[in-house]
Amino acid sequence: MPRIASVLLPMPLPEAFDYAEPEGLELVVGDHVSVPLGPRTVRGVVTALREGAGGNRRLKPVLARVDDPRLPANVITFVEWAARYSVDVPGWPLAMALRGLRHPPAKPEKAVALTGVQPARMTPARLKVLAAAEHGPLSAAELARQAGVSAGVVKGLVDEGALEPVLVAADDSIAQPDLSLPAQALNPSQKAAADEMADMLAAGGFQAALLDGVTGSGKTEVYLEVAAAALEADPAAQVLVLLPEIALTQAVMGRFEQRFGAAPIEWHSGVSPPRRRRAWEAVADGRARIVVGARSALFLPFSNLKLIVVDEEHDGSFKQEEGFIYQARDLAVARAKIEGALVVLASATPSLESLWNAHQGRYRWLRLGARHGTAQLPDVHLIDMRATPPEPGRWLSPTLVKAVSLTLQKGEQSLLFLNRRGYAPLVLCRACGEKLKSPDSDSWLVEHRYTGRLVCHLTGFSMKKPEACPHCGAKDSLVSIGPGVERVEEEARYLFPDARIAVFSSDTVFDPAGARALVDSMAAGEIDILVATQAAAKGHNFPNLTLVGVIDADLSLRGGDLRAGERTFQLLAQATGRAGRHEKPGRAYLQTYSPEHAVLQALKAQDRDAFVEAEMAMREEAGLPPFGRLAAVIASGPDAEALEAYVQALAAATPNAEGVEVYGPADAPLGLVRGRRRKRFLVRAGRNVDLPGFMAAWRARAKVPNSVRVTIDIDPYSFL
DNA sequence: AGCACGCCGACT
DNA sequence: GTCGGCGTGCTC
């Protein structure tokens with residue numbers, strides 16, 4: 001009886017395609033194969049095998065098996081689950097799962113090995129080479145280097161037959177963790193949490209824990225010990241640590257290396273393709289025990305994953321917003337479920353979703369106390385910008401200026417935090433009132449003085465700042481409105497001409513090495529005032545930093561985003577948590593126009609529980625996450641009429657479902673991006689509704705014109 | 001995603 | 001008269 005192989009291809013096809021299994025190939029689920037697709041040959045993965053012929057149509061045969069490590073069955077399950085959850089084609093998550101395989105496997109390397117033949121004439125240099133070659137084959141260059149002689153000596157020995165050229169497998173050894181190294185010293189609170197998670201691991205099966213501890217409470221030590229417990233309990237166990245940003249991986253890699261004597265496998269977009277290939281293979285065959293990476297590491301082919309740690313679980317960077325849209329924290333929980341693993345969500349300021357799950361008992365809630373004698377909470381002051389405004393055209397209020405000045409006098413460091421890149425977020429013409437926008441988009445152009453350009457942060461468009469208004473032609477009429485970090489730096493330089501000032505934003509720091517250098521320089525006390533965006537808000541430890549000034553604490557409270565309050569609280573808690581992490585007391589000053597706002601009051605009181613309680617009540621009232629679920633549909637296209645017709649048809653086709661409300665269509669807040677008009681629907685559903693199922697069924701009920709692109713975003717974070 | 005098939009402008 | 005632009009549609 002012939003068999004049919006379902007082959008999933010890493011392409012936007014709606015489902016796996018069926019192929020005939022050729023005589024004698026004996027495929028297995030998870031095999032990589034090459035198959036014909038129309039006129040070309042593509043690679044895919046076998047996701048199912050069943051008996052039968054092609055039925056009514058003749059199937060094309062699988063061409064060949066590709067010799068790459070098989071994709072574990074759990075990964076296929078995960079890929080299919082992720083596609084359904086995200087209301088997208090399975091080819092996208094599959095493509096992510098295969099991202100380590102794009103680079104060809106390492107080829108055998110040329111080396112030379114001893115033959116046993118003695119050279120006719122022996123010299124001291126030749127003796128050294130032959131001695132060095134005893135430890136096994138080496139490349140000629142490496143052998144010469146180790147023997148401390150020139151390459152000519154090696155070549156001479158090859159010519160005389162004492163050494164022969166051989167091919168050896170490329171070095172793909174992976175350093176293994178040493179579990180006999182001493183554990184970290186844990187305080188009682190850390191120990192209790194680590195022990196409880198070790199018990200959960202021992203119990204086996206899917207489990208979830210929320211590791212909830214203020215900045216400086218030592219979450220990393222705790223999960224290092226949980227990782228140690230997992231690795232010790234099962235000699236084949238694998239551990240995955242997810243971090244929100246590449247910039248944090250170096251620090252965490254270092255902690256693991258210290259603890260286990262070997263660097264973990266690193267996985268993120270900055271890792272070179274050959275290294276990725278090595279990492280992928282090592283994960284697939286189990287040699288990689290510990291992986292530290294960004295959200296895409298979730299798709300690696302672990303075969304015995306026992307622990308997933310999602311560090312800084314509240315961080316919005318875990319939400320992938322482009323291409324295949326997913327929330328890595330939520331998918332991590334799903335993957336842990338599929339693998340029967342323990343998932344640990346760690347944060348000083350957990351998301352409301354996770355707190356709610358902990359409240360409901362779905363996650364084990366492990367709270368860490370502040371570490372004795374180290375973390376001192378800063379004094380938080382609200383500066384009412386209505387009562388004590390800065391001078392016109394300036395952004396630092398007199399209160400904050402005085403605080404910075406005092407800090408400078410004491411020889412301590414200040415951090416001025418403003419989550420806005422560039423010099424000014426808006427340029428407008430005083431003559432005609434025109435706001436300069438990106439062509440084909442509704443977003444303002446941001447002025448960057450370092451480069452003298454106007455930049456669209458949405459589309460990447462940039463232009464030289466014009467002399468005259470492009471709209472009315474008036475000369476010298478363009479004015480810069482509002483502050484960015486560059487402008488705050490300018491003001492700080494003017495106010496404190498002798499201070500050493502640096503800016504930390506994605507415009508001054510573009511790689512982990514640059515971030516490292518700036519952080520080291522700050523830690524070494526070579527900077528007095530650091531002006532920073534979000535890039536510096538977390539993960540660093542500056543012993544002499546005692547003042548944090550938040551230029552615009554209201555910034556993320558504006559704009560109708562349901563998570564605005566939460567994000568502001570988290571960001572400010574992180575930023576103020578910077579101040580006074582050591583013996584020196586810290587102070588935080590928050591500039592605000594609405595000091596009475598619940599978020600700011602909770603911050604001032606350092607009262608997370610009060611904030612969470614208020615915010616939860618508000619969300620429950622409105623049926624918003626975590627009490628309800630949201631989804632967005634964004635339809636865009638260059639043809640306004642076709643787009644309008646489509647969204648009307650989609651609106652008319654809304655299925656009538658219990659517990660689901662559909663709002664829209666409305667113009668998206670950024671109604672025009674890159675020349676495409678954008679319309680959006682928002683869907684609110686009860687927790688028990690199969691929202692992906694509803695969305696998939698709905699989308700299928702209206703034909704999409706080919707000029708229109710439709711994106712479904714489950715649990716949207718961005719409301720633009 | 002690729003790649004072919006398909007109908008309208010400047011060219012050996 | 002052709003070469004080729006990229007719009008539209010399909011791939012088991």
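Predicted, not measured: the structure shown is a model, and the values here were computed from it. Throughout, a chain's letter reflects where its sequence line sits, starting with A, and its residues are numbered from 1. Every heavy atom of this structure was used, including side-chain atoms; hydrogens, water molecules and symmetry mates were not.
Rounded to a whole Å, the CZ atom of A:Arg58 is 13 Å from the C1' atom of C:dC12. Rounding to whole angstrom units, CG of residue A:Leu63 and C1' of C:dT11 are separated by 14 Å. In this structure, A:Arg50 places its CZ atom 15 Å from P of C:dC12, rounding to the nearest Å. Here the C1' atom of nucleotide B:dA1 and the CZ atom of A:Arg43 are 16 Å apart, to the nearest Å. The separation between A:Phe324 atom CZ and B:dA1 atom C1' is 16 Å, rounded to whole Å. Rounded to whole Å, the distance from CG on A:Leu8 to C1' on C:dT11 is 14 Å. Rounded to an integer number of Å, the gap from CG of A:Asp88 to C1' of B:dA1 is 13 Å. Distance, A:Leu49 CG to C:dC12 C1': 15 Å, rounded to whole Å.
There is no side-chain donor-acceptor pair under 3.5 Å between A:Glu21 and A:Tyr19. Donor-acceptor pairing under 3.5 Å is lacking for the side chains of A:Ser351 and A:Glu566. Of the N and O atoms on the side chains of A:Ser636 and A:Arg676, at least one donor lies less than 3.5 Å from an acceptor on the other residue. If you check the side chains of A:Asp315 and A:Ser317, you find a donor sitting under 3.5 Å from an acceptor.
When ring centroids are compared, A:Phe299 and A:Trp92 stay outside the 6.0 Å threshold.
When the side-chain nitrogen and oxygen atoms of A:Asn706 are compared with OP1 and OP2 of C:dG7, none of them lie within a distance under 4.0 Å.
Of all the residues in residues 30-42 of chain A, A:Pro39, A:Arg40 reach under 4.0 Å from DNA chain B with at least one non-hydrogen atom.
Using a 4.0 Å heavy-atom distance criterion, A:Leu13 is classed as a base contact.
In this structure, A:Arg329 is not positioned above the aromatic face of A:Phe318 in the sense of NZ or CZ being under 6.0 Å from the six-membered ring centre and within 45° of the axis.
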